[in-house]
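Below is one structure, written out as structure tokens; the observations come after it.
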Amino acid sequence: MSTNETTPPANFIRQIINHDLKENKHNGKVATRFPPEPNGYLHIGHAKSICLNFGIAAEYQGTCNLRFDDTNPEKESIEYMESIERDVKWLGFEWSGLYHASDYFEQLYDYAVQLIKQGQAYVDSLSAEQIRAYRGTLTEPGKESPDRNRSIEENLDLFARMRAGEFADGQYVLRAKIDMASPNINMRDPAIYRIRRVHHHRTGDAWCIYPMYDYTHCISDALESITHSLCTLEFEDHRPLYDWVLEQLQTPSHPQQIEFARLQLEYTIVSKRKLNQLVMENHVHGWDDPRMPTIAGLRRAGFTPNAIRDFCERIGLTKQNSWIEMGVLEYCIREDLNENALRAMAVLQPLRIVIDNYPEGQTEQLEISNHPQRPELGKRNVPFSKVLLIEQDDFAKIPPPKYKRLVEGGEVRLRGSYVIKCNEVVEDAEGRVIELRCTYDPDTLGKNPEGRKVKGVIHWVSEQHAHPAEVRLYGRLFTVPNPDNEENFLDVINKDSLEILPDCRVEASLAEASPESRYQFERTGYFCLDAKDSGADRLVFNRTVTLRDGWVKD
RNA sequence: UGGGUCGUCGCCAAGCGGUAAGGCACGGGGUUUUGAUCUCCGCAUACCAAGGUUCGAAUCCUUGCGACCCAGCCA
């Protein structure tokens with residue numbers, strides 16, 4: 001909801017639009033679109049495109065459509081469509097219009113007929129293999145198909161019969177007649193229609209021929225009067241074809257395609273094919289696994305729409321291929337959550353401590369702030385009693401240098417509570433610390449002790465009042481910054497990306513937590529109540545990100 | 001001598017002929033009942049390289065070098 005009036009950073013697309021506006025190129029209108037293929041879940045790379053397209057539209061009082069590029073029914077589904085709508089909304093955007101390339105199948109067909117009539121498309125009987133052979137190579141021109149000079153009448157007849165279902169899949173293809181010797185391979189008579197008897201999730205079995213991307217996308221943009229068609233760098237070579245189709249067809253509008261570099265994030269992947277593989281082969285627990293770079297995964301991990309939008313703004317927009325460090329994304333979520341997440345105490349790996357000088361059976365409710373810098377977020381009661389639980393890491397038999405937590409004979413502050421002193425360490429037969437006998441200083445609640453300085457502060461819960469919880473610690477999915485560079489990206493999956501702590505104890509107030517609510521567990525990180533696996537009497541928290549750790553260990 | 005695109009700090013990124021913004025990361029100081037936050041300071045005589053034009057070049061020109069994309073009836 002930040003309505004800060006900071007001017008958005010300059011980037012080359014805004015410069016183009018500003019220039020177009022000055023020239024009154026599209027009657028002062030700006031219309032964009034976000035055009036995913038519904039063949040998978042949206043990921044952080046799509047978020048960049050979403051923020052760009054919807055952001056530009058909002059900034060220029062323009063429009064932005066959500067359009068499903070559903071021309072290849074083989075890989076697409078309703079589930080994916082629904083997830084995409086859900087994720088775009090969750091990110092905080094509203095589309096001006098919701099369209100599908102399949103809405104245009106009839107018009108697309110008519111336009112194809114027009115191309116044929118103009119002598120600019122022909123039905124080819126070459127097989128896929130033959131077409132590949134005829135295409136030539138990167139350095140050698142292609143050869144013309146024997147069918148290239150088929151008469152218009154025959155092409156019209158054949159194309160109609162392709163639609164009517166008279167031919168087998170792959171028997172014929174409709175090709176644009178451009179230039180088999182073009183140095184740009186995309187212009188060597190690209191296929192624009194193929195025969196494919198596959199049930200389409202929206203048009204059912206009405207069609208057995210489907211238009212190809214290059215032919216469909218430009219016309220869809222034109223039909224929606226898109227002014228700026230923003231896509232990623234790999235489509236640069238397709239722009240001449242985009243323009244060619246629209247020029248031949250004399251469409252009422254001719255959008256401008258502009259390409260930008262897709263997002264690449266270290267220690268993860270954003271290839272839909274590979275993400276799909278991770279899900280299908282159960283390397284993760286579904287598209288919304290908190291380790292996934294999908295919007296659904298980030299959401300379940302506890303990321304906020306705000307943080308993701310901020311991230312997309314921070315990484316900039318250029319035509320340079322680049323790799324963004326995870327630290328940037330982590331910074332964005334920490335910044336948001338530090339500001340907005342309520343604080344709470346949770347002990348992930350409990351160590352029992354007994355306050356010997358505290359009365360048996362007594363409980364006092366300590367009032368603790370929900371946020372150290374924002375008093376308006378209120379206070380909560382945290383019960384204190386004789387037996388407490390602290391983090392195993394917060395006690396050391398042999399402390400490392402500069403250790404400022406609890407040691408035998410030493411003092412430490414219990415966050416929001418008293419200063420305690422450890423008098424005795426109880427160990428089991430193997431020498432493992434199983435309990436600490438402590439005393440507390442009753443005169444240190446809300447004030448510093450007399451005549452001595454206590455540096456360390458640790459978190460705690462009351463054993464009898466705390467609630468059990470499962471905490472899931474998520475780490476990066478891969479062990480190397482660029483898994484895509486590996487021979488097989490599965491080889492570099494981080495086997496330790498998920499650590500489940502089944503026996504944690506969280507403070508009493510957390511029993512009230514609602515699904516997807518986010519907290520800072522003081523001193524350990526930001527956590528989100530898992531929306532799927534938490535229930536009435538089961539608390540499951542996912543770690544979104546750790547706290548920054550400025551402790552320079554030796 | 002196939003075509004297209006791109007080279008500014010460890011990672012992003014402004015800059016558009018007038019003498020290198022900003023963010024992240026990193027290092028150091030201060031505050032702090034989170035080793036968090038906050039705050040202060042530091043961090044490219046240098047813009048892929050070499051020539052050239054100019055009073056003046058990261059910006060213009062030339063020539064190199066490096067990286068990425070393209071030969072689906074995928075998008």
Side-chain angles (χ1 to χ4, degrees), chain A residues 9-11 15 35-37 39 69-72 74-76 124 126-129 131-133 135-142 169-175 182-188 190-196 209-210 212-214 216-217 231-240 259 261 266 272-273 313-332 334-335 338-339 343 345 368 371-373 402-405 412-417 419 444 446-448 454-459 481 520-525 546-553:
Chain A
N11 66 48
Q15 286 184 10
E37 182 187 13
N39 67 343
D69 232 325
D70 55 352
T71 57
N72 183 7
E74 255 158 322
K75 302 187 289 180
E76 301 160 2
D124 199 344
L126 252 29
S127 68
E129 297 69 40
I131 285 182
R132 189 181 315 131
R135 185 152 34 225
T137 68
L138 293 178
T139 53
E140 300 158 328
D169 285 13
Q171 189 173 150
Y172 286 108
V173 72
L174 183 70
R175 291 228 256 169
S182 172
N184 181 345
I185 288 185
N186 295 296
M187 300 297 270
R188 318 239 263 230
I192 58 177
Y193 265 94
R194 76 284 215 184
I195 305 173
R196 188 116 317 164
I209 57 172
Y210 292 97
M212 303 282 290
Y213 165 84
D214 283 310
T216 306
H217 203 91
C231 64
T232 44
L233 250 26
E234 66 269 26
F235 292 105
E236 268 174 326
D237 287 345
H238 296 239
R239 182 161 17 100
E259 311 85 10
E266 289 190 344
K272 261 193 204 173
R273 199 203 97 230
E313 195 76 5
R314 276 170 191 276
I315 57 178
L317 187 76
T318 66
K319 299 186 74 145
Q320 276 163 247
N321 277 122
S322 58
W323 285 87
I324 307 296
E325 292 177 343
M326 259 303 175
V328 182
L329 217 209
E330 291 175 349
Y331 175 84
C332 292
R334 286 191 185 113
E335 183 181 53
N338 173 58
E339 176 78 11
R343 311 289 126 121
M345 291 196 286
I368 301 183
H371 192 112
Q373 282 84 35
K402 295 188 186 141
Y403 191 73
K404 39 188 256 197
R405 307 175 190 179
V412 79
R413 158 77 64 184
L414 291 179
R415 176 71 165 151
S417 174
V419 167
T444 55
K447 54 182 168 184
N448 287 128
V454 175
K455 279 194 306 225
V457 180
I458 65 174
H459 58 278
Q520 182 197 100
F521 288 173
E522 288 200 276
R523 301 206 315 129
T524 86
T546 60
L547 249 32
R548 245 180 106 229
D549 188 0
W551 185 23
V552 275
K553 288 118 183 155

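To find a chain, count down the sequence lines: A is the first, B the second, and so on, and within it residues start at 1.
- Shown here, B/G2 forms a base pair with B/C70; the pair counts as Watson-Crick or G-U wobble because both key distances fall under 3.5 Å.
- Here B/G4 presents its P atom at 13 Å from CE of A/M187, a figure rounded to the nearest Å.
- Searching all strands for a Watson-Crick or G-U wobble partner of B/C47 with both distances below 3.5 Å returns nothing.
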Quiz item: What is the per-nucleotide protein-contact pattern of nucleotides 25-43 of chain B, from the 5' end, where B denotes a base atom under 4.0 Å from a protein heavy atom, S denotes such proximity for sugar-phosphate atoms only, and - denotes neither?
Solution: --------BBBBB------
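- The gap from the P atom of B/U45 to that of B/A58 amounts to 13 Å, rounded to the nearest Å.
- For the P atoms, the distance from B/C47 to B/G7 is 15 Å, rounded to whole Å.
- One P atom belongs to B/C38, the other to B/G23, and the distance between them is 13 Å to the nearest Å.
- Counting only distance, with no hydrogens or angles, the side chain of A/R194 and the backbone of A/D169 share no donor-acceptor pair below 3.5 Å.
- Under the 3.5 Å distance criterion, the side-chain polar atoms of A/R413 are left unmatched by any main-chain donor or acceptor of A/V454.
- Side-chain contact, A/E234 with A/T232: a donor N or O sits under 3.5 Å from an acceptor N or O.
- Between the base of B/C11 and the side chain of A/E266 there is no donor-acceptor pair shorter than 3.5 Å.
- A/R405 places a side-chain heavy atom less than 4.5 Å from the side chain of A/R523.
- If you take CD of A/E313 and P of B/A13, they are 13 Å apart, rounded to a whole angstrom.
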Quiz item: Hey, mind stepping through A/H238 and A/N184 against side chain to side chain contact (heavy atoms under 4.5 Å, CB included) and telling me if it holds?
Solution: CA-CA 9 Å; A/H238 296 239; A/N184 181 345; over 6 Å; no
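- For the pair A/R415 and A/I458, the minimum side-chain heavy-atom distance is 4.5 Å or more.
- Across the P atoms, B/U5 and B/C73 are found 24 Å apart, a figure rounded to whole Å.
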Quiz item: What one-letter contact string describes nucleotides 67-75 of chain B from 5' to 3', where B marks a base within less than 4.0 Å of any protein heavy atom, S marks contact via sugar-phosphate atoms alone, and - marks no contact?
Solution: -SBBBSBBB
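- Nucleotides B/C65 and B/A75 are separated by 38 Å at their P atoms, to the nearest Å.
- In this structure, B/G27 shows a glycosidic angle more than 90 degrees from zero, which is the anti conformation.
- In this structure, the side chain of A/T444 does not engage the main chain of A/K447 through any donor-acceptor pair within 3.5 Å.
- Checked by atom type and distance alone, the side chain of A/N186 pairs as donor or acceptor with a backbone atom of A/D237 at under 3.5 Å.
- Base-pair partner of B/C16: not found among the strands shown (Watson-Crick or G-U wobble, both distances under 3.5 Å).
- Here the straight-line distance linking atom CG of A/D214 with atom CZ of A/F235 works out to 8.0 Å at 0.5 Å rounding.
- Rounded to whole Å, the separation between the P atoms of B/A57 and B/U19 comes to 12 Å.
- Between A/E129 and A/S127, the side chains place a donor N or O and an acceptor N or O closer than 3.5 Å (distance only, hydrogens not considered).
- Taking atom C1' in both B/G52 and B/A14, the straight-line distance is 28 Å, to the nearest Å.
- Applying the Watson-Crick and G-U wobble criteria (two distances, each under 3.5 Å), B/A36 pairs with nothing in any strand.
- Of the P atoms belonging to B/G35 and B/A20, the separation is 42 Å, rounded to the nearest Å.
- With both pairing distances under 3.5 Å, B/G56 is matched to nothing as a Watson-Crick or G-U wobble pair.
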